[in-house]
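One structure is given below, encoded as structure tokens.
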Number of protein chains: 2
Amino acid sequence: MTGLASSIERRNGVSLWRQIADRILQGIASGDFAENAALPPEVALAERYGVNRHTVRSAIAALVQEGVLRAEQGRGTFVLSRKRLSYPIGARTRFSTGLQGQTSERHIALLSSSTEPASRRIADALGIAKGAAVIRLETRGEADGHAVSRATTWFDAKRFAGIEAAMAETGSITASLKRFGINDYLRHSTVLSARHADADDLAALDLQPGAIVLVTVAVNVTLDGEPIQFAESRFPAERVELRLSAGD
Amino acid sequence: MTGLASSIERRNGVSLWRQIADRILQGIASGDFAENAALPPEVALAERYGVNRHTVRSAIAALVQEGVLRAEQGRGTFVLSRKRLSYPIGARTRFSTGLQGQTSERHIALLSSSTEPASRRIADALGIAKGAAVIRLETRGEADGHAVSRATTWFDAKRFAGIEAAMAETGSITASLKRFGINDYLRHSTVLSARHADADDLAALDLQPGAIVLVTVAVNVTLDGEPIQFAESRFPAERVELRLSAGD
DNA sequence: TACAGTTGTCTATATCAATAGACAAATTTA
DNA sequence: TAAATTTGTCTATTGATATAGACAACTGTA
């Protein structure tokens, strides 16, 4: 942002210190506050945001707790390096290849799996009957030891029986689908929204309460257009941005 | 969501009533709470979310204020119809055509315009020198009388001198660009994030404080690949979702 | 009518959030 | 060393947030 000094909202249900912490995170992401450099002093921030110094201190305390800042008495408060991952989304969206070059290691951890009857929404997406058995996988995407996504994925249980074992073993959706004869697939549709992280997301993504998650709801299809996978993924907005490439 | 009963977080900087209001909005969007039907009674909601009935009442009061719910003493609290707009994003993203079929009327209102030197970020995106003059437009997208987006757009001032007048007159980016000999253009890149709405967004989008906005940062190019427009758009997450179509 | 179920209002209390001011402790600079 | 700058700690006060309980007001139904 080119210094749009929009101010802070009061009595919204979101505390001032949380809003200011969000602003500082934005400032770091947008380059207003350089990495490894000192933040403006607390009194200056208090004036900039029109709040008391103690309120700024609460925001800073939260970000120190979060590992984003380090405060040193007498010297200043410093921005630790913490660039947001840029997660590409397009027809060939895949977790692992998408983050190549940004991280040295990444995989998908299977948190739990279950079989359940398909809800209307899932049945429609997968093109099966409502109530038919589907396998649900709860997974967490990890890159360089950090949690970067939390997803819930559904497969037709008849066609993909045992896929949870393949996921646990390979740590990859692409590799698991290969075992069922699917060597290539496409992202058919993606719907995007955002919300506050719920307790489950907070725990799995190692977020501080009040964090925002980006939510994608996607359907993957075979090259023939047959739906094979329905997934809802949550990404921590403070650590991940989604990049859409044209014609991809 | 298939009824994942994840609970609420305390002392996060986001008040319980705000979190519960968000959850109810999600519930409406996901179909957990049907439109025009009664919400569960306050005591049931209080138990479901593990909070006091008065806290649920605060959340409901906020949503009534927002026009999402209507409470009737003795009868119950009802969901007003309020479907989220689905805003398509792809290579041919355009405001007006994208919402066709979902709304009967839409246009872009020009809130203000100014000329300023390009920041590093904007200069890079537009392929011009840092400090060169750019025109900044502050706009609001409206559909059926409701604000659905708030955007800040930059153009090279040399090439698009007077585009603010064209925007004010036509209410359309596409139509304005035609006056400068650009009959077609493509969305080159889009980067997506989310944050709490700031004061400016709240006012322009008619949101209640604490609301979340989806943020897109996009570059449009001519068919030759020459960048012509750089824009940051904010969409109210409670009213708009973004839909990405493969191969678009 | 009587009753069960629901939202609306009131009082009271405890904790969190925000402001205000003063001063201590550590670091850097003159 | 002395002064200026910056973060850390403490006390005090106010308003918002959350819980608790009781009861009134309204609706639909037995």
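Every chain is numbered from 1, with letters handed out A, B, ... down the list of sequences. This one's a predicted model, so the numbers in the text were calculated from it and none came from an experiment.
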### Query
Please, which pairs that meet ring pair (Phe, Tyr, Trp, His ring centres under 6.0 Å) have at least one residue in residues 189-208 of chain B, sequence neighbours excluded?
A/H196-B/H196
### Task
Measure from CG on A/L16 to P on D/dT17 and round the result to the nearest Å.
10 Å
### Message
Rounded to whole Å, please give me the gap between CZ in B/R70 and C1' in C/dT6.
### Response
15 Å
### Query
What pairs with B/R48 under salt bridge (Lys or Arg N to Asp or Glu O under 4.0 Å), at least two apart in sequence or on another chain?
none
### Pairs where residues 53-62 of chain A contributes a residue and the test salt bridge (Lys or Arg N to Asp or Glu O under 4.0 Å) is met, not counting sequence neighbours
A/E42-A/R53, A/E42-A/R57
#### Entry: First of B/V43 and A/S58 reached from the 5' end of DNA chain C, by closest nucleotide
B/V43
### Message
In whole Å, I'd like the distance from the CG atom of A/L45 to the C1' atom of D/dT7.
### Response
12 Å
### Message
In this structure, how many angstroms lie between the P atom of D/dA18 and the CD atom of B/E42, rounded?
### Response
16 Å
### Task
State, to the nearest 10°, the angle formed by the axis through the first five base pairs of the helix from C/dT1-D/dA30 to C/dA30-D/dT1 and the axis through its last five.
20°
### Query
Is a donor on one side and an acceptor on the other found under 3.5 Å between the side chain of A/E138 and the backbone of A/S113?
no
### Query
Between B/W17 (CH2) and D/dT19 (P), how many Å, whole number?
14 Å
### Task
Mind running side chain to side chain contact (heavy atoms under 4.5 Å, CB included) on A/L214 and A/V240 for me, showing each step along the way?
CA-CA 9 Å; A/L214 284 158; A/V240 178; 5.7 Å; no
### Message
Using the side-chain hydrogen bond (donor to acceptor under 3.5 Å, both in side chains) criterion, which residues pair with B/E72? Sequence neighbours excluded.
### Response
B/R70, B/R75
### Message
Heavy atoms only, 4.0 Å cut-off, all strands: where does B/T77 land among base, sugar-phosphate and nothing?
### Response
sugar-phosphate
## Note on the structure
From CZ of A/R18 across to C1' of C/dA17 the rounded distance in Å is 14 Å
### Message
If only side-chain N and O atoms count, and only distance matters, is there a donor-acceptor pair under 3.5 Å linking A/R234 with A/T152?
### Response
yes
## Note on the structure
When rounded to whole Å, the CD1 to C1' distance for the pair A/I60 and C/dA17 reads 17 Å
### Message
I want to verify a distance call: between C/dT19, C/dT6, D/dG8, whose nearest atom is closest to the A/R57 side chain?
### Response
D/dG8
### Query
Just to confirm, is there a sub-4.0 Å distance from OP1 or OP2 of C/dC16 to any side-chain nitrogen or oxygen of A/S15?
no
### Polar side-chain atom of B/R239 near backbone of B/L205 as donor-acceptor pair, under 3.5 Å
yes
### Task
Sugar-phosphate atoms are those with a prime plus P, OP1 and OP2; base atoms are the rest. Using that split, label each nucleotide of nucleotides 21-30 of chain D B, S or - for protein heavy atoms under 4.0 Å, 5' to 3'.
BB--BBSS--
### Message
Rounding to an integer number of Å, can you tell me how far A/Y49 OH sits from C/dT19 P?
### Response
14 Å
### Message
Tell me if a side-chain donor or acceptor on A/R120 pairs with a main-chain N or O of A/G131 at a distance below 3.5 Å.
### Response
no
